Amino acid sequence: MMLVLPQRKKQLFFTFLLFLLAINSSFSQDPVSEFLDSILTHEEDTSKKVLGLLRYSGQNRYVPPTKKLIAKAVQISKTNEDALLLANSYYALGNYHFFNANIDSSLTSLDLADEYLGTKDQMLKASILSTRGGIYSKSGDVTLALATQLEAKAILEQIDESGLDDSAKNQLTGKKLVLYNSLANLYLKIDDYENALKNYDEAYNLATKDERALPNTAIILSNKGELLYKMKRYEEALQTAYDAKKMKIEAKLPERFVAVSNYHIGRALYQLDSVGSALNYFNKALTTSRDKQYAHGEMLALAERGLLYLEQGNLEKALTDCRRSLKFAEAMDEIETKIEACDCLYKTESKLGNYEASLRNFEMYTQLKDSLFNEKNVRKITQLGMQYEFDKREAEQELLIAKKNRQQKLMLWGVGVLVVFGLLASIFLRKRLIYQKTITAQRQAIQEQEIVKLRQQNRITTMNSMIEGQEKERARIAKDLHDGLGSLLSSVKSHYIAVTENHSTNKETVDKTEQLIDYACNEVRRISHNMVPHTLAVSGLRDGIKDLADRLTIDNYEVTLEINKLPKLDATKEAMVYRLVQEIVSNIKKHAKAKSIFIQLYAHNEQVFLTVEDDGVGFNPQQSKNKEGLGLKNIESRVAYLNGEIDWDSEEGRGTTININFLA
């Protein structure tokens, strides 16, 4: 025993040491950077390299660190001038912005993906449409989202699986699965329960065929349970919610997904009169949602628990829960939860004797309910019209297939019948083609008229903004002359009168007069420089912007300036670009509270690109445009003057990025 014990201690010591080293290594590694280094080092095939980067980003649900993987994929695709890889890369970038709530940037990236894709890959085309549908749905346009998703579904269902390998078949199945679930969610929003249930079942059947799709299977089953609840099939909804919760735990989904299942179970139990059990599940959902900062889950659980407390007669708790739920719903603009919370509040306030508050909540409840009813009716009517057109197209396709089958049978009757039928078919198709061309030409003419009209309106708006900007500039110069130069010259005059009237040769007075004259000269130079910068006039745009950057550095900003391949622009455009950068920088200094500013100006394929980025407080571009200030209007009017495009990418607390491009 005396010989064995030290050996065991050594083993335990070395095991503990290795454990500490492993922990230290795991904390020091950056999985995204490690994967990037690995694939760039070991993968030689360009296509596999790019698709590997994009696949990894998607598997990690496009979390912020994956942006550098997508950016690298875009760079490699551009270097190799591969249009299909560029389409895939910009599609992934669109998904990244969608998952991170940058809607405008997402649509811009998807437009680029469509541009590079053309008609090469129908599966990717359907995926781009599906993401667009998600964007429209998130923006509240359910009808447009539904039309887009149905278009994507038609493309996927026309793909011939017989020519695909196993990997491509699995990919197609996965895309159909996600699409059917999205369609079901959209049908659920417009209360088309039958179509919603049909699509959930189709998605669930596809998901159960693939063991790797367990997380998707769990989410689809959870969505189906919510639908069954809305269909008032409460016992089925309860069992489905139990099954979905079990599946989510097996799939190791985040706890907020389990919280949603607890909420669904609680609702079903409440409708089946198991009030105590329902309250227990609502409390579970609420606790998890708060721990994980899942505001949507907290809002739903509070609304249902408030109604339960109201039924139990616990009015103070009901009032507290429903008020908090309404606050969440107003912040997230969840109209159905607002209706539920107002319903709870007006009934609770009435029982408490607060009749004025009860009436106020009742009026809000009826207004919201009428609004939702009207909105759903409009959506339903639009969807019915759209479904009619969709069914009509399917019927036309079926008729065309039936015609082809009949043609094949008629071939057996002889050459003569075939020739006659062929002539008839040819005439029919020619007339149809002429008709389609006529309709297309008419639509194109209408579109061109609309474009001309919009351009005219845009010119008028631009001119108005330019005039407003000029008036503002004149007012600023007048203020500078009055407050700065005017006061200085008044002081010079006073000193001069003092010298001449008193015949004073006092050196201090004379020196003070000379100093004021120097100040006046400097003020004239400053105002002149602001009107027409000396550097811009003498050395051109590049040095003019460098001068702006130097002045920012003097003002204690960290400035990064990149100017590459800048072509020779005419004097007007140079002045306009300079004023554009000057206006943006002025806005940053006034409002952004930034510490660092990044300015990039370069040209590519006869296009000039300007990017200005800061790490300031950020803002809501749409709200700022609706205000009276001229800052953003001046920027947009200058971009319009250059016939360019501008993209505002900003959120409060996350800085601002402005991307501008125009023809050189």
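The chain is numbered in sequence order, starting from 1. Note that this is a predicted model, so its numbers are computed, not measured.
In terms of the salt bridge (Lys or Arg N to Asp or Glu O under 4.0 Å) criterion, Arg267 has no residue partners (sequence neighbours excluded). Looking at residues two or more places apart in sequence or on another chain, you find no side-chain hydrogen bond (donor to acceptor under 3.5 Å, both in side chains) involving Tyr96. Checked against side-chain hydrogen bond (donor to acceptor under 3.5 Å, both in side chains), Asp201 has the following partners two or more places apart in sequence or in another chain: Lys224. Under the rule for a side-chain contact (heavy atoms from CB on, under 4.5 Å), the partners of Ser261 that lie at least two apart in sequence or sit in another chain are Ser222, Ala244, Lys245, Lys248. With sequence neighbours excluded, no residue forms a ring-ring contact (aromatic ring centres under 6.0 Å, His included) with Phe257. Residues meeting the ring-ring contact (aromatic ring centres under 6.0 Å, His included) test with Tyr602, sequence neighbours left out: Phe609. Checked against side-chain hydrogen bond (donor to acceptor under 3.5 Å, both in side chains), Ser77 has the following partners two or more places apart in sequence or in another chain: Ser89. Scanning for side-chain contact (heavy atoms from CB on, under 4.5 Å) contacts around Asp243 gives Leu221, Gln239, with sequence neighbours left out.
Minimum interatomic distance between Phe662 and Gly644 (heavy atoms only, all atoms of both residues): CB-CA, 3.8 Å. Gln122 and Ile155 get closest at one heavy-atom pair: O-CG2, 3.4 Å. Between Leu253 and Pro215, the shortest heavy-atom contact is CD2-CB, 3.8 Å. Of all the heavy atoms in Ala203 and Leu177, the pair that sits closest is CB-O, 3.6 Å.
A donor-acceptor pair is defined here as one N or O able to donate and one able to accept, closer than 3.5 Å; no such pair exists between the side chain of Ser38 and the backbone of Glu34. Proximity of a side-chain donor or acceptor of Asp160 to a complementary backbone N or O of Ser162 within less than 3.5 Å is detected. In this structure, Ser130 contributes its side chain and Ala126 its backbone to no donor-acceptor pair below 3.5 Å. A donor-acceptor pair is defined here as one N or O able to donate and one able to accept, closer than 3.5 Å; such a pair exists between the side chain of Asp141 and the backbone of Leu144. Between the side chain of Ser106 and the backbone N or O of Asn102, no donor-acceptor pair lies under 3.5 Å. Judged by distance alone, the side chain of Thr440 and the main-chain N or O of Gln436 form a donor-acceptor pair under 3.5 Å. A donor-acceptor pair under 3.5 Å is formed between the side chain of Asn88 and the backbone N or O of Leu84. No donor-acceptor distance shorter than 3.5 angstrom exists from the side chain of Ser650 to the backbone of Gly618, with no hydrogens or angles considered.
Between Lys189 and Glu336 the shortest side-chain heavy-atom distance does not fall below 4.5 Å. Within the 4.5 Å cutoff, no side-chain heavy atoms of Leu93 are placed close to those of Leu112. Proximity of Lys153 to Tyr180: side-chain heavy atoms (C-beta onward) are separated by under 4.5 Å at one or more points. A heavy-atom distance below 4.5 Å is found between the side chains of Met299 and His296. The side-chain heavy atoms of Leu146 and Ile190, taken from C-beta on, include a pair separated by under 4.5 Å. In this structure, Ile76 and Leu40 have side chains that are in contact, with non-hydrogen atoms separated by less than 4.5 Å. Asp114 is listed as a side-chain neighbour of Ile128, based on a closest heavy-atom distance under 4.5 Å. Counting heavy atoms from C-beta on, the side chains of Leu227 and Tyr193 come closer than 4.5 Å.
Crowding of Glu202 atom CD: a count of heavy atoms from other residues, nucleotides or ligands under 6.0 Å exceeding 12. Heavy atoms from other residues, nucleotides or ligands lying under 6.0 Å from NZ of Lys209 number 12 at most.
Side chain to side chain, Asn60 and Thr66 fail the donor-acceptor criterion of an N or O pair below 3.5 Å. With no hydrogens or angles considered, a side-chain donor-acceptor pair links Asn185 and Tyr200 at under 3.5 Å.
Between the CD atom in Gln149 and the CG atom in Leu156 there is a gap of 10.0 Å [rounded to 0.5 Å]. Expressed to the nearest 0.5 Å, how far CD of Glu613 lies from CD1 of Ile658 amounts to 10.5 Å. Interatomic distance, Ile446 CD1 to Ile451 CD1, rounded to the nearest 0.5 Å: 12.0 Å. Note that the OG1 atom of Thr131 and the CZ atom of Phe99 stand 8.0 Å from one another [nearest 0.5 Å]. How far CG of Leu197 is from CG of Asp192: 10.5 Å, rounded to the nearest 0.5 Å. Summarising the geometry, atom NE2 belonging to His264 is positioned 9.5 Å from atom OH belonging to Tyr229; distances are rounded to the nearest 0.5 Å.
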Working for side-chain contact (heavy atoms from CB on, under 4.5 Å), residues Glu448 and Gln444: CA-CA 6 Å; Glu448 288 174 354; Gln444 187 174 356; 3.6 Å; yes
Derivation of the side-chain contact (heavy atoms from CB on, under 4.5 Å) call for Leu110 and Ile135: CA-CA 11 Å; Leu110 293 177; Ile135 292 172; 3.7 Å; yes
side-chain contact (heavy atoms from CB on, under 4.5 Å) assessment of Ile39 paired with Leu69: CA-CA 10 Å; Ile39 198 167; Leu69 302 184; over 6 Å; no
Derivation and outcome, side-chain contact (heavy atoms from CB on, under 4.5 Å), residues Thr208 and Ile220: CA-CA 11 Å; Thr208 52; Ile220 293 165; over 6 Å; no
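Look at Glu151 and Arg132 and you find no salt bridge, because none of the NZ, NE, NH1 or NH2 atoms lies under 4.0 Å from a carboxylate O. In summary, Glu161 and Lys176 engage in a salt bridge, as defined by a charged side-chain N under 4.0 Å from a carboxylate O.
Listed by first then second residue, pairs satisfying ring-ring contact (aromatic ring centres under 6.0 Å, His included) with a partner in residues 105-129 read Tyr90-Tyr116, not counting sequence neighbours. Screening residues 654-664 for salt bridge (charged side-chain N to carboxylate O under 4.0 Å, His left out), with sequence neighbours left out, gives Glu651-Arg654. Listed by first and then second residue, the ring-ring contact (aromatic ring centres under 6.0 Å, His included) pairs involving residues 148-168 amount to none (not counting sequence neighbours).
Figure legend: cation-pi geometry between Lys138 and Phe98, with NZ or CZ positioned under 6.0 Å from the six-membered ring centre and within 45° of its axis.
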Contacts table for residues 165-173: side-chain donor-acceptor under 3.5 angstrom, sequence neighbours left out:
{"from": "Asp165", "atom 1": "OD1", "to": "Ser167", "atom 2": "N", "distance (Å)": "3.3"}
{"from": "Asp165", "atom 1": "OD1", "to": "Ala168", "atom 2": "N", "distance (Å)": "2.7"}
{"from": "Asn170", "atom 1": "ND2", "to": "Asp166", "atom 2": "O", "distance (Å)": "3.3"}
{"from": "Thr173", "atom 1": "OG1", "to": "Lys169", "atom 2": "O", "distance (Å)": "3.0"}

